[in-house]
There are 2 protein chains.
Amino acid sequence: MASRQPRPAKETNATRDAIVAVADRLFYEQGFAHTSFSHIADAVGISRGNFYYHFRTKDEILEAVIASRMQATHDMIAAWEARDGSPAGRILCYIRIVVGNRGKIMRHGCPVGTLTGELAKLGHPSRPGASAIFGVFRGWLSRQFTLLGHARNADALAMHVLAFSQGVAVMDNAFRDRAFVEREVERMTRWLADVVAAPVEA
Amino acid sequence: MASRQPRPAKETNATRDAIVAVADRLFYEQGFAHTSFSHIADAVGISRGNFYYHFRTKDEILEAVIASRMQATHDMIAAWEARDGSPAGRILCYIRIVVGNRGKIMRHGCPVGTLTGELAKLGHPSRPGASAIFGVFRGWLSRQFTLLGHARNADALAMHVLAFSQGVAVMDNAFRDRAFVEREVERMTRWLADVVAAPVEA
DNA sequence: GTCTATAAGCTGATAGAC
DNA sequence: GTCTATCAGCTTATAGAC
């Protein structure tokens, strides 16, 4: 089926990858709307014109960035599953992101939450794609709660954990209060222990 | 001291007020960076040039918008205090914003949280001004918890309530799941009842 | 594959007529 | 006070040389 001569189209392209990596970082640090081709070109070390060999529009770069973040999300989850065999331990890995990534969150917020919010305001067609990254965490967390014996409330519990992380991220970005973050993580850890201890619902 | 002839400088200006009101709405709906003078001018019904009689720069409009939101925040809190005499009832007023304003939050997020986040990404000088609105809620909630006998943890409890509202706002914006919002508000209401019932700490 | 040169449009901002 | 006309600069995007 696949023609073999011109190149399988899956060949790695160093420049394209560099553009996506830099755009990923700048979209996170400065926002999508405020990041121009010039910003990205300067950081990558290429000319503005060279962009259009790899991408036709700015929106296409955004799509590639979202796809890259989606892949990174799956990789992170796979790493948690390889490291920790218990569902509770894995959920804790998620809860503790707000501590592990605190420096970046403090300055630029949660990468998923801020991108989803910005694309919502822009009425951007890639908004569902960004929200889908939240969806991956939601589904995965839900599966962990099901394994803990909370099949009936698994999705609600997953959403509660997601809301926790977003609330902490927004407040840390606004106030940069380290004690607050640690307090909320401890509170959530106790909450998780209670959920684990009561696997049967009324 | 105050000269009386040219006008006390506090005179109401209908055009200026209209600019601020429209900018307030558009900054919320579309974001600050993505809202141009043309957008505002078209919505107000004036020319682009007329702007500079009332404001010298776009940042000055933002400052006026933040000041206006700050005033609206104080007014809202005053209304809660006039309507509900109990500290717990007042805190509940705050908790229930995510239900009362759900339509707008779903589409554009929390006005305070999204503006603070955007200004952080832009490295904008008005970021502290936007965060100060959060600060007003924080201080006011803290005072309510103090009245409930939780003086020592008042600020931590206030921050927990703020984080709740931001977490729910971000997730509602991403998933638009009404049942989730109502569930989280009920959970928070039960939490508040527990806090009220245990006014003495270990 | 990367570059330079260029286009058309929008941006915030200014000057001056009315 | 509001307007029109205008500015320089930046934006995304294209064409074509190398």
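Letters go in sequence order (proteins before strands), and every chain restarts at 1. Nothing here was measured: the structure is a model prediction, and the numbers come from that model.
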N/O (side chain, [X]) to phosphate O (OP1/OP2, [N]) under 4.0 Å:
X: Thr15(B); N: dT2(D); value: yes
X: Ser38(B); N: dC10(C); value: no
X: Asn50(A); N: dG1(C); value: no

Rounded to the nearest Å, what distance is computed from the [atom1] atom of residue [X] to the [atom2] atom of nucleotide [N]?
X: Tyr53(B); N: dG16(C); atom1: OH; atom2: P; result: 18 Å
X: His39(A); N: dT12(D); atom1: NE2; atom2: C1'; result: 14 Å
X: His54(B); N: dA13(C); atom1: NE2; atom2: C1'; result: 16 Å
X: Arg48(B); N: dT11(C); atom1: CZ; atom2: P; result: 9 Å
X: Asn13(B); N: dG1(D); atom1: CG; atom2: P; result: 6 Å
X: Tyr52(B); N: dT11(C); atom1: OH; atom2: C1'; result: 9 Å
X: Ile46(A); N: dA13(D); atom1: CD1; atom2: P; result: 15 Å
X: Asp42(A); N: dT11(D); atom1: CG; atom2: P; result: 10 Å

Under 6.0 Å from the CZ atom of Arg187(A), do we count more than 12 heavy atoms belonging to anything else shown?
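Above 12, so yes.
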
Relative to the 5' end of DNA chain D, which residue comes earlier, His34(A) or Gly49(A), by the nucleotide with the nearest heavy atom?
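Of the two residues, His34(A) wins.
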
Walk me through whether Tyr52(A) and Phe37(A) qualify under ring-ring contact (aromatic ring centres under 6.0 Å, His included).
CA-CA 10 Å; Tyr52(A) 297 87; Phe37(A) 279 43; 5.4 Å; yes

Parallel under 30°, tilted from 30 to 60°, perpendicular over 60°: which one fits the rings of Trp140(A) and Trp80(A)?
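The arrangement is tilted - the two ring planes meet at 30° to 60°.
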
Closest heavy-atom contact between Val22(B) and Ala43(B)?
CG1-CB, 3.5 Å

Contact class for Phe37(B) vs. all strands (heavy atom < 4.0 Å): base, sugar-phosphate, or nothing?
sugar-phosphate

Base, sugar-phosphate, or nothing for Ser36(B), non-hydrogen atoms under 4.0 angstrom?
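Answer is sugar-phosphate: Ser36(B) comes under 4.0 Å of backbone atoms only.
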
Centres of the Phe137(A) and Tyr94(A) rings: under 6.0 Å?
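Aromatic pair counts; centres sit under 6.0 Å.
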
